[in-house]
Amino acid sequence: MSKSALVVATAIATVWSASAYAEKWDMPLAYAASNFHSETAAAFAECVTTGTGGDIEIVTHASGSLFPGDQIKRAVQTGQAPIGERLLSAHQNEDALFGFDSIPFLATSFDDHDRLWEAAKPAYEELLESQGLTLLYSVPWPPQGIYFNKPVESVADMEGVKFRSYNNATARLAELTGMLPVQIEAAEISQAFATGVADSMISSGATGYDRKVWESLTNFYTVDAWIPRNYVFVNSDVWSGVSDENKNVIEGCAKLAEYAGYWRAVQYTDFTLGELAKNGMSVEAPSEQLASDLREIGDTMTEEWLSDAGETGQKIVDTFRGN
Ligand code: PCA
């Protein structure tokens, strides 16, 4: 065999022996491929694929294309997908604790929210482990404001408006403001607004931008109600089968993703609000009346959450407040 043929043969043998152990991990995501969470996940996937030398190849599937958002957690729990990303507070219907990041006006800046996350993280890791899931990393969304298709000066103006919700807290907010909640995944909202299934939502500038909501909606109020998080998690049985070397690589990539994703969220906040305005929406702070009406509703929702989330919830809030 010539020297170059030997080199090629050796290379093929190496690739073959590597692929004998290679695993492909499909990773369902709920949000648009161009969204910063999805871009962070794609970079994480590449980091793992490269870092493990191809032992584990992660392939992301954006926009709920592999599993719709509301099925991703179950898919990973049942092993239909080894890994996935989801909005943490979407599971508030399973356990109130999942809604720690959707308590109105508790932590509205990124810095405060970061402290809240640190206070909450141990309880979440434990809760997820008890459900057969291992947390890898978590990234916040930009602060939540309210979208309408008309100017709104007070909660009285919200009466009867059809409101798109994404978790229990958003549905409860709708009820307390006299709106009519309908739960819709982010991947479906452009159509929901275009067809009049909903005329309002609470979300970030990012989601309005991703879904071009200016085609149907006109007003965005920077209420800064709360900062919800996405999290990336792996099936715990799958995780325990990963070698220590590859676990190290995945944990390193997860740290990088959490850091990069956080800064992307911060930078994306002003950028996306600017884009909403550029595309013709009115983007402004809520009137004093609207802000104080919403604060009152926020107080009710905080009390409700504390009573639903019990001692663990109270401890999270106390640790956050430094009590
Ligand atoms: N966008 C997601 C959740 C929070 C956010 O800013 C959504 O609207 O579904």
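This is a predicted model, so every value here is computed, not measured. All values below were derived from every heavy atom in this structure, side-chain atoms included, with hydrogens, water molecules and symmetry-related copies excluded. For ligands, and for the atoms within them, numbers begin at 1 and follow the listed sequence.
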Discussion item. Do Ile189 and Tyr147 have side chains that approach each other closer than 4.5 Å (heavy atoms only, starting at C-beta)?
Written reply: no
Fill in: Location of contacts on His37 toward ligand 1, heavy atoms closer than 4.0 Å
neither
Worksheet entry | Side-chain donor/acceptor of Lys255 to backbone N/O of Tyr137, under 3.5 Å | no
Fill in: Ring geometry between His37 and Tyr31 (parallel below 30°, tilted from 30 to 60°, perpendicular above 60°)
tilted
Fill in: Side-chain heavy-atom pair Asn167, Ser102 within 4.5 angstrom cut-off
yes
Discussion item. When you measure from the heavy atoms of Glu185 to every atom of ligand 1, does any distance fall below 4.0 Å?
Written reply: no
Discussion item. For atom 6 (O) of ligand 1, what is the closest protein heavy atom, and at what distance to 0.1 Å?
Written reply: Ser204 OG, 2.6 Å
Worksheet item: Which atoms of ligand 1 are found less than 4.0 Å from any heavy atom of Ala186?
Response: 9 (O)
Worksheet item: Closest non-hydrogen protein atom to atom 9 (O) of ligand 1, residue and atom name please, with distance?
Response: Arg164 NH2, 2.8 Å
Response to the item:
atom 1 (N) of ligand 1 sits nearest the protein heavy atom Thr207 OG1, 2.7 Å
Practice prompt. Measure the shortest side-chain to side-chain distance between Ile72 and Glu85 over non-hydrogen atoms and say whether it is less than 4.5 angstrom.
Written response: no
Response to the item:
Within 4.0 Å of some non-hydrogen atom of Gln144, the atoms of ligand 1 are 4 (C), 5 (C), 6 (O)
Fill in: Heteroatom distance test (Tyr166, ligand 1): nitrogen or oxygen, under 3.5 angstrom
no
Discussion item. Quick one: does any side-chain atom of Gln92 pair with a main-chain N or O of Ala169 as donor and acceptor, under 3.5 Å?
Written reply: yes
